[in-house]
Amino acid sequence: MEIFAPDALEREKHRKIEGLKELPGDTDSVVLRFAPNPNGPLTLGHSRGVVINSEYAKMHGGKVVLRFDDTDTKVKPPLPEAYQWIEDEYEWLAGRPADVIVRASDRMPVYLEFARKLLSEGHCYVCKCSAEEFRKYRESKVECPCRSKSVSENLSDWNSMNNGEFGEGDAVVRVRTDMTLPNPALRDWPALRIQHSPHPMVGGRYRVWPLLDFQSAIEDHEQGVTHIVRGKDLMDSTRKQTLLYEHLGWNYPETLYWGRVKVHEFGGFSTSSMRSSIETGEREGWGDLRLPTIQSLRRRGFDARALREFWIELGVTQKDISVPMQTIESMNSSVLDAKTERRSFVASPILLEIKGINGTVVESPRHPDGEIEGFRTWTLSNSIYIQQTDCGNVSLRLKEFADISISGSIGKIESIERSDDRPIVQWLPKEESCEANLYVPEGDKVNVIDGLLEDCDLVVGNVYQLERVGFAVLEEISDTGVAKLVWLHS
RNA sequence: GCUCGUGUAGUGUAGUUCGGUCCAUCAUGACGGACUCUCGAUCCGUCGACCCGGGUUCAAAUCCCGGCACGAGCACCA
């Protein structure tokens with residue numbers, strides 16, 4: 001029977017399947033969500049959430065809710081501009097906009113109403129213990145005195161919380177679970193607290209704001225979320241929220257977890273610490289070349305497809321990992337190489353006089369493998385530039401042109417055809433070049449390399465591959481004709 | 001301290017549910033070579049791993065027991 005390729009059957013288990021593993025549970029109409037705090041723009045870390053959720057939605061024909069978790073007015077307050085940034089960055093990363101967009105701060109009436117309902121049903125209570133006092137109760141598995149208050153007393157305290165009678169820290173709403181639960185994190189966890197500082201988007205309208213576990217749990221249900229993919233640091237959140245869902249008679253969504261990711265070059269991705277580095281002036285802004293923000297990566301010329309491939313390749317595993325930027329760069333190179341025109345960039349240029357080449361026309365391909373058709377055409381005078389670092393050689397091959405010998409600042413043509421295996425270097429005729437500064441982020445610094453860029457059909461915003469140097473974005477050309485290049489990678 | 005999670009080549013990842021088809025997949029990397037008028041691309045080859053110790057079994061990366069290591073939560077942050 002098995003005459004044909006039994007080997008192929010045997011190898012089945014060996015083959016690595018492409019893409020993400022299927023989502024568990026019922027996948028008939030999948031609703032996922034991506035829920036960032038808009039206290040800054042998206043980082044490389046957030047891009048995992050965008051990519052994984054949007055890919056799963058694509059895979060199962062589902063939807064993604066982009067939800068702004070902006071219910072903290074104090075510790076990590078929202079940045080008003082960030083809402084739009086994040087919507088745009090989401091679309092760039094996912095390749096399409098989010099299906100639904102909600103702001104937690106717009107949904108406050110819903111959360112407050114659920115809190116009141118839970119209070120009146122006895123599933124929550126207003127706790128007036130201080131954080132330190134409650135910690136002792138939690139650690140010793142003892143119920144706090146507030147737990148035994150009547151419903152009417154709780155509702156009256158709830159009113160005091162909302163009407164400003166209670167100050168910040170005076171009271172908190174807790175979900176009644178069980179103080180003897182083995183996991184201390186789950187014991188009567190806090191659901192809402194008082195914050196009097198105004199919210200940047202909705203002002204001073206509310207005095208009581210929900211905490212993540214409460215807001216997220218309610219909103220996931222309201223939006224019909226079927227699958228949650230989150231960091232495994234939120235495993236206890238799932239457990240807390242499941243206890244709340246039990247009070248409400250709801251079923252908790254399927255939940256997947258991923259581990260912590262660090263990129264060698266950046267470490268973790270803390271929005272708050274980036275924000276402070278900008279405020280102190282250590283960084284120029286969210287698009288600073290040294291920052292792991294999506295703004296910065298976009299600016300440097302990373303392609304969203306490379307980021308997508310990267311996160312899909314890592315998949316959703318619970319391992320804590322640390323990856324080198326090189327992995328992303330290598331994926332970016334394979335996306336970009338075929339569609340990037342070549343240009344000559346000569347760093348620290350040295351002038352060379354060559355007699356008898358005036359008027360000669362040199363043609364170089366826009367892409368060496370013909371992926372992009374056409375040529376860059378130069379008309380020479382007798383002056384050309386080569387890179388200082390190439391001057392140590394007496395014999396050079398000027399790429400696509402001629403073999404030369406150098407003596408001092410004079411070059412002499414030895415052969416138009418390639419005659420030996422002397423080094424091939426990129427070069428530029430004086431008339432075909434413009435001044436250029438290449439900005440290269442390196443650790444805490446941004447190095448600026450002065451040089452000349454080939455001035456041929458330059459389009460601001462394009463990524464070019466600078467021959468023998470690497471990929472860079474032409475960010476702008478000044479009024480005086482100086483090109484600003486931003487380094488991508490080699 | 002309590003609770004939870006994770007350990008496969010340098011870095012990631014497949015395989016672990018239902019033990020054999022796994023002398024363990026793929027990518028990236030390193031090294032060597034071919035090709036090329038870029039130090040790019042392409043092609044070929046090589047290197048390199050099941051955390052440790054027991055047990056069950058004809059057979060263990062996979063099951064059981066015991067260690068060890070690393071990470072996270074126990075915030076009136078998300």
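All chains are named by letter (A, B, ...) in the order of the sequence lines, taking the proteins before the strands, and each is independently numbered beginning at 1.
Looking at A/Trp189 and A/Thr177, their side chains never bring a donor and an acceptor atom within 3.5 Å of each other.
For the residue pair A/Asp403 and A/Glu417, the shortest heavy atom distance occurs at OD2-O, 3.6 Å.
To the nearest angstrom, C1' of B/U11 lies 15 Å from NZ of A/Lys262. Between the CH2 atom of A/Trp427 and the P atom of B/U38 there is a distance of 15 Å, rounded to whole Å. Nucleotide B/C77 holds its P atom 11 Å from the CG atom of A/Leu192, rounded to whole Å. For A/Glu417 and B/C37, the CD to P distance is 11 Å, given to the nearest whole Å. One can place CD of A/Gln318 at 17 Å from C1' of B/G12, the figure rounded to the nearest angstrom. What separates CG of A/Asp236 from P of B/A78 is a distance of 16 Å, to the nearest Å. In this structure, A/Asp337 atom CG and B/C39 atom C1' are separated by 13 Å, rounded to whole Å. Taking atom CD of residue A/Glu309 and atom C1' of nucleotide B/G12, one finds them 14 Å apart after rounding to whole Å.
Within 3.5 Å, a donor on the side chain of A/Glu313 pairs with an acceptor on the base of B/G12, or the reverse. Between the side chain of A/Asp369 and the base of B/G40, a donor-acceptor pair under 3.5 Å is found. One cannot find a donor-acceptor pair under 3.5 Å joining the base of B/C37 and the side-chain atoms of A/Arg418. Counting distance only, with no hydrogens placed and no angle test, the side-chain atoms of A/Arg239 and the base atoms of B/U3 include no donor-acceptor pair under 3.5 Å. Residue-to-nucleotide contacts include a donor-acceptor pair under 3.5 Å from the side chain of A/Gln465 to the base of B/U38.
In the set B/U38, B/A78, B/U11, B/A78 carries the atom at the smallest distance from any side-chain atom of A/Thr71. Comparing B/U3, B/A72, B/C2 by their closest approach to the side chain of A/Asn183 singles out B/U3. Counting only heavy atoms from C-beta on, A/Thr317 has its side chain closest to B/U13 among B/U13, B/G1, B/G29. Nearest nucleotide to the side chain of A/Asp72, out of B/G29, B/G1, B/A78: B/A78. In this structure, of B/C77, B/U11, B/C2, it is B/C77 that holds the atom nearest to the side chain of A/Arg193. Checking B/U28, B/A78, B/C76 against every side-chain atom of A/Pro190, the shortest atom distance belongs to B/C76. Distances were taken from every side-chain heavy atom of A/Arg342 (C-beta onward) to each of B/C39, B/G71, B/U38; the shortest belongs to B/U38. The side chain of A/Thr327 lies closest to B/U28, out of B/U28, B/G7, B/G71. For A/Leu314, taking side-chain heavy atoms from C-beta onward, the closest of the listed nucleotides B/G12, B/G5, B/U13 is B/G12. Candidate nucleotides B/C2, B/A78, B/U6 were compared by shortest atom distance to the side chain of A/Arg187, and B/C2 ranks first.
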Is there a salt bridge (Lys or Arg N to Asp or Glu O under 4.0 Å) between A/Lys136 and A/Glu132? Walk through the geometry before answering. CA-CA 7 Å; A/Lys136 289 191 188 113; A/Glu132 304 82 72; over 6 Å; no
Decide side chain to side chain donor-acceptor pair (under 3.5 Å) for A/Thr73 and A/Gln195; before the verdict, give the C-alpha distance in whole Å, the side-chain angles of both, and the deciding distance to 0.1 Å. CA-CA 7 Å; A/Thr73 64; A/Gln195 287 198 330; 2.8 Å; yes
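Checking the phosphate oxygens (OP1, OP2) of B/U13, a side-chain nitrogen or oxygen of A/Lys319 falls inside 4.0 Å.
When the P atom is compared between B/C31 and B/C39, the two are found 16 Å apart, to the nearest whole Å. Nucleotides B/C51 and B/U13 place their P atoms 14 Å apart, quoted to the nearest Å.
Applying the ring-ring contact (aromatic ring centres under 6.0 Å, His included) criterion to A/Phe401, with sequence neighbours excluded, gives A/Trp427. Residues passing the side-chain contact (heavy atoms from CB on, under 4.5 Å) test with A/Pro24, sequence neighbours excluded: A/His227, A/Glu254, A/Leu256.
Between A/Asn162 atom CG and A/Tyr206 atom OH the span is 10.5 Å, to the nearest 0.5 Å.
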Both distances under 3.5 Å, Watson-Crick or G-U wobble: on that basis, could you give the dot-bracket string for RNA chain B, with [ ] for crossing pairs and | for other-strand partners? (((((((..(((.......[.....)))((((((.......))))))...(((((..]....))))))))))))....
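Between A/Phe401 and A/Ile194, the one whose closest nucleotide on RNA chain B sits nearer the 5' end is A/Phe401. Closest-nucleotide positions on RNA chain B for A/Thr389 and A/Ile321 were compared, and the one nearer the 5' end corresponds to A/Ile321.
Here the options are A/Arg67, A/Arg107, A/Arg33, the test is salt bridge (Lys or Arg N to Asp or Glu O under 4.0 Å), and the partner is A/Glu219; only A/Arg107 passes.
Taking the centre and axis of the six-membered ring of A/Phe134, the NZ or CZ atom of A/Arg174 falls inside the cone set by 45° and 6.0 Å.
A/Gly169 comes within contact range of at least one nucleobase, with a heavy-atom separation under 4.0 Å.
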